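Here the structure comes first, spelled out in structure tokens, and everything after it is commentary.
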There are 2 protein chains.
Amino acid sequence: MNPPPNGAPDRRPGGRTARIRAQVLDAVRAELGEHGYEGLTMEAVAARAGVHRTTVYRRWQDVGGLLADVLDAAGEDDWAPPDTGSLRGDLTALNGEIHDSLVVRPSIPQALVAASFRSARAADAQQRLWEDRYQRCEAIVERAVERGELPPDTAARPLLIAATAPLYHQLVLLRTAPDPHLAAQAATTAALAATAGAFARPAPGDGP
Amino acid sequence: MNPPPNGAPDRRPGGRTARIRAQVLDAVRAELGEHGYEGLTMEAVAARAGVHRTTVYRRWQDVGGLLADVLDAAGEDDWAPPDTGSLRGDLTALNGEIHDSLVVRPSIPQALVAASFRSARAADAQQRLWEDRYQRCEAIVERAVERGELPPDTAARPLLIAATAPLYHQLVLLRTAPDPHLAAQAATTAALAATAGAFARPAPGDGP
DNA sequence: CCACTAGTGCGACAACTGTTGCTTTAAGAT
DNA sequence: ATCTTAAAGCAACAGTTGTCGCACTAGTGG
């Protein structure tokens with residue numbers, strides 16, 4: 001295809017290439033913070049990064065490419081899900097984090113979601129990031145199973161989705177006013193359903 | 001502000017104005033169906049509608065205005081939530097409808113969601129449509145309460161959100177592969193939590 | 001039937017977006 | 001130090017998007 005879009009410091013990891021990438025990505029985040037996704041243009045990013053337009057076009061192609069790179073960089077952190085000692089506590093804390101990240105204006109996650117609708121590459125990067133996050137969150141369910149809070153055959157992913165989806169739905173899709181106890185409400189509901197065995201896997205004999 | 005964008009046949013409800021509005025909205029839906037939201041341009045809509053570009057710009061301003069008008073038109077139907085005789089059945093049928101509308105390619109609802117991120121006016125229209133839909137769906141909860149399936153102080157909206165949010169989350173935001181029994185799974189979970197009283201309103205004494 | 005005018009068609013234009021060929025800079029190797 | 005070449009700068013260009021003034025068409029009212 002074409003050369004890797006995300007910096008690809010394979011051939012020349014030298015200072016300039018990396019420096020310019022950092023400048024540009026910083027500029028993207030700053031622009032996103034100031035004008036939101038709507039106001040994010042290649043022109044403005046290049047100007048703020050102190051880099052020529054052509055450079056940005058050549059390395060990232062379009063706005064979606066820029067966002068994809070930002071998303072990939074976001075997945076390289078060491079974030080870990082909260083560990084409060086109980087399933088309900090973990091889910092509530094997790095939802096609190098999600099809630100806060102979605103209500104600050106302007107919200108970077110919101111902008112990234114918006115971008116994923118305009119660019120296939122941003123959508124792919126977004127999907128990778130979601131997958132990574134939910135994967136890490138499965139630890140919450142594993143710990144709950146170890147503590148005996150949940151039956152051992154509980155499917156982690158649907159449970160996590162049930163807990164977090166209402167937040168995204170209300171704040172991203174429906175755009176209702178931020179409800180202070182929405183996070184706890186959704187977490188509690190999911191925990192309750194899980195304890196009742198709502199997420200037990202259908203086929204128990206899935207061993208080796 | 002400015003003259004009403006959605007046709008506004010106040011002053012001259014004559015045949016041509018209405019005819020052109022219909023042509024343009026049809027063209028929007030057709031373009032949306034063929035090229036998705038990405039490929040929706042004012043130029044193409046005008047051409048397909050057999051109308052001059054300037055006319056479309058003047059009456060709808062931008063793509064968001066077009067979508068907003070389509071959304072408003074969509075809310076004028078006589079849709080009613082399914083009535084199967086049980087809460088779980090109703091929610092499952094409802095989720096089935098949502099599921100189907102989101103997995104067909106290209107999906108109009110998906111495109112409208114995407115549009116709502118680009119245009120404030122489309123976002124407003126989208127919000128009106130969601131509100132209308134969830135309002136109508138509250139009948140599901142009311143019937144369940146009347147049947148004695150749910151406690152009388154059950155909050156309808158959070159319950160409906162809990163039931164439907166996982167679908168939107170997976171199919172619109174996460175874009176995972178369509179899961180055939182995802183609709184039933186989410187509906188069942190929500191129904192179970194509701195029966196357990198997870199959506200009981202906190203303050204019982206809110207009467208006159 | 002005729003006059004009025006909201007709404008549409010038309011063409012020209014400015015602004016913006018993205019591309020291309022070439023030159024210049026600087027990282028990495030000899 | 002100097003050579004090589006990947007990557008950035010630069011300027012000119014084509015295509016697209018949105019705007020404006022004016023002419024004209026066709027509902028609306030007398």
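In what follows, chains are A, B, ... by sequence order, proteins preceding strands, each numbered from 1. Predicted model, so just to flag it, every value in this text is computed and none were measured.
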Heavy-atom side-chain contact between [X] and [Y] under 4.5 Å:
X: A:Arg143; Y: A:Ile140; result: yes
X: A:Leu66; Y: A:Met42; result: yes
X: A:Leu67; Y: A:Gln126; result: no

Quiz item: Side chain of A:Glu43: nearest nucleotide among C:dC10, C:dT8, C:dT17?
Solution: C:dT17

Quiz item: From C:dC10, D:dG18, C:dT19, pick the nucleotide closest to the side chain of B:Tyr57?
Solution: D:dG18

Quiz item: Quick one: on DNA chain C, does A:Arg53 or B:Ile20 contact a more 5' nucleotide (nearest heavy atom)?
Solution: B:Ile20

Practice problem: Quick one: pull up NE2 in B:His35 and OG1 in B:Thr41 and give me the separation to the nearest 0.5 Å. | Solution: 9.0 Å

Quiz item: Below 3.5 Å, does any donor atom in the side chain of A:Thr41 face an acceptor in the base of C:dC16, or the other way round?
Solution: no

Can you measure [X] atom [atom1] to [N] atom [atom2] for me and round it to whole angstrom units?
X: A:Arg58; N: D:dA11; atom1: CZ; atom2: C1'; result: 12 Å
X: A:Arg19; N: D:dG9; atom1: CZ; atom2: P; result: 10 Å
X: B:Gln23; N: C:dT8; atom1: CD; atom2: P; result: 10 Å
X: A:His52; N: D:dA6; atom1: NE2; atom2: P; result: 22 Å
X: A:Arg21; N: D:dA8; atom1: CZ; atom2: P; result: 12 Å
X: A:Leu40; N: C:dT17; atom1: CG; atom2: C1'; result: 14 Å

Quiz item: Does a nitrogen or oxygen in the side chain of B:Thr17 sit under 4.0 Å from OP1 or OP2 of C:dG7?
Solution: no

Quiz prompt | Under 4.0 angstrom between A:Thr54 side-chain N/O and D:dG9 OP1 or OP2 | solution = no

